[in-house]
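In what follows, a structure is listed as structure tokens, so that the remarks can point back to it.
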Amino acid sequence: MIRRPRRNRQSAAIRGMATETHLNAGHLVFPLFLADGADIRSGIPSLPGIFRLSPDHLLREIESCMQLGLTNFIVFPAVADHLKDTTATYGWSPDNFYLKAAREVKKRFPECCLISDVAMDPYSSDGHDGLVRDGEIVNDDTLPILAKMSVAQAEAGFDMLGPSDMMDGRVGYIRRALDEAGFTKTGILAYTAKYASAMYGPFRDALDSAPKSGDKKSYQMNPANRKEALIEAELDTAEGADMLMVKPALHYLDVICLLKEHSNLPIAAYHVSGECAMLRAACNNGWLDFGRAMPETLLSIRRAGADVILTYFAKEFAQMFPDGI
Ligand code: PBG
């Protein structure tokens, strides 16, 4: 035998040299749920290990992550029902606790990368990402709402905005609004290929943001489609996106790979709440070993082509693997 692939696997030193994919905390973004009030750290039953945090706890959490070399965060607000309305006006209200908390975070930790969520659902009494009119999610009238939300978030100091709403034309519309308001440096992490997935369940529990009626299939993508992701990627790129995201991640590794091959922009993948919950449940049952299954899972998302991974395991990864893998 001339070729013996096992020669490159025979010692840790040789395996180290032959390793094709690396992963460290710098590739990760940690999603955090923000609650209004003080001294709140409430668990989410369907997402063990993750908490809704009030701003004081959020600051502490970010500080402890920064000490682990984890510098990137995406924050989602849990908004009280009485602040929700059909046009999501609380999204850009000067009283908005999410915007206030962002200001505080960037003041205390200017070196972190703080990413927002742009969509109506946390603030909408209909629980949809867009404006609902006669039972329909209307596209073009949603855009000015998203733009107002975006400018308010940029003003609050978010480094990147994450439009997760899947309305047509929103990246370009938001980009123009940001530029007109002078926020030329605020980036856009576009949810490019966001699928109408069953994997968002624990997230919607965390924020109590499930749609009040219907589903999200008229705006989020059909899980059966691959080429459609390329159309979305083309549009988001032309409209000025700085990074493209695929969501969920594990169930859509082929789509991550496809976008990586077709785009020169950094590709992000969102390892969503349901995907994390499945693994956690199996580990908590003693069926899988978290210390091995978790890094293998994240590595598979990187190997598929993700430059950036949003995952609820980010902090644990940074704790368990300070030098990366
Ligand atoms: C909503 C939004 C969702 C997630 C991120 N932004 C849920 C949805 O579309 O219903 C899901 C993330 C996760 O499940 O971890 N704009």
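Counting convention: from 1, in listed order, for ligands and their atoms alike. Reckoned from all heavy atoms, side chains included, excluding hydrogens, waters and symmetry mates. Residue indices begin at 1 and follow the sequence shown.
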Using heavy-atom distances, let me know which of E275, K247, R204 sits nearest atom 10 (O) of ligand 1. R204
Does W92 reach the side chain of K148, with side-chain heavy atoms less than 4.5 Å apart? yes
Numbering the atoms of ligand 1 from 1, which are under 4.0 Å from a heavy atom of Y312? 13 (C), 15 (O)
Is atom CD of E296 surrounded by more than 12 heavy atoms (other residues, nucleotides or ligands) closer than 6.0 Å? no
Test of understanding: given a 4.0 Å heavy-atom threshold, classify the contact between D165 and ligand 1 as side chain, backbone, both, or neither. neither
Would you mind listing every side-chain hydrogen bond (donor to acceptor under 3.5 Å, both in side chains) that reaches into residues 309-325, with sequence neighbours excluded? E61-K315, S64-K315, Y270-Y312, H271-T311, R280-E316
Taking only heavy atoms of D117 into account, list the atoms of ligand 1 that are under 4.0 Å away from them. 6 (N), 16 (N)
Please write down residue, atom name and distance for the protein heavy atom closest to atom 12 (C) of ligand 1. F203 CD1, 3.3 Å
Check the orientation of F76 and F33. Use parallel for under 30°, tilted for 30 to 60°, and perpendicular for over 60°. tilted
Crowding at CZ, R41 (>12 non-hydrogen neighbours, <6.0 Å): no
Could you check if a side-chain atom of M294 sits within less than 4.5 angstrom of a side-chain atom of L279, using non-hydrogen atoms only? yes
Could you list which atoms of ligand 1 come closer than 4.0 Å to a heavy atom of D121? 1 (C), 16 (N)
By number and element, which atoms of ligand 1 are closer than 4.0 Å to a non-hydrogen atom of K216? 8 (C), 9 (O), 10 (O)
For D179 and R176, what are the C-alpha separation, side-chain angles and deciding distance, and is it a salt bridge (Lys or Arg N to Asp or Glu O under 4.0 Å)? CA-CA 5 Å; D179 290 354; R176 271 192 300 280; over 6 Å; no
Go through ligand 1 atom by atom and flag the ones less than 4.0 Å from a non-hydrogen atom of A119. 16 (N)
Out of curiosity, is Q220 lining ligand 1, as in a heavy atom under 4.0 Å away? yes
Exactly one candidate in L310, V246, T21, I309 meets side-chain contact (heavy atoms from CB on, under 4.5 Å) with I301; the answer is I309
Show the atoms of ligand 1 that are less than 4.0 angstrom away from any heavy atom in K194. 1 (C), 2 (C), 3 (C), 6 (N), 8 (C), 9 (O), 16 (N)
Atom 14 (O) of ligand 1: closest protein heavy atom, distance to 0.1 Å, is S273 OG, 2.7 Å
The closest protein heavy-atom partner of atom 16 (N) of ligand 1 is S164 OG, 2.7 Å
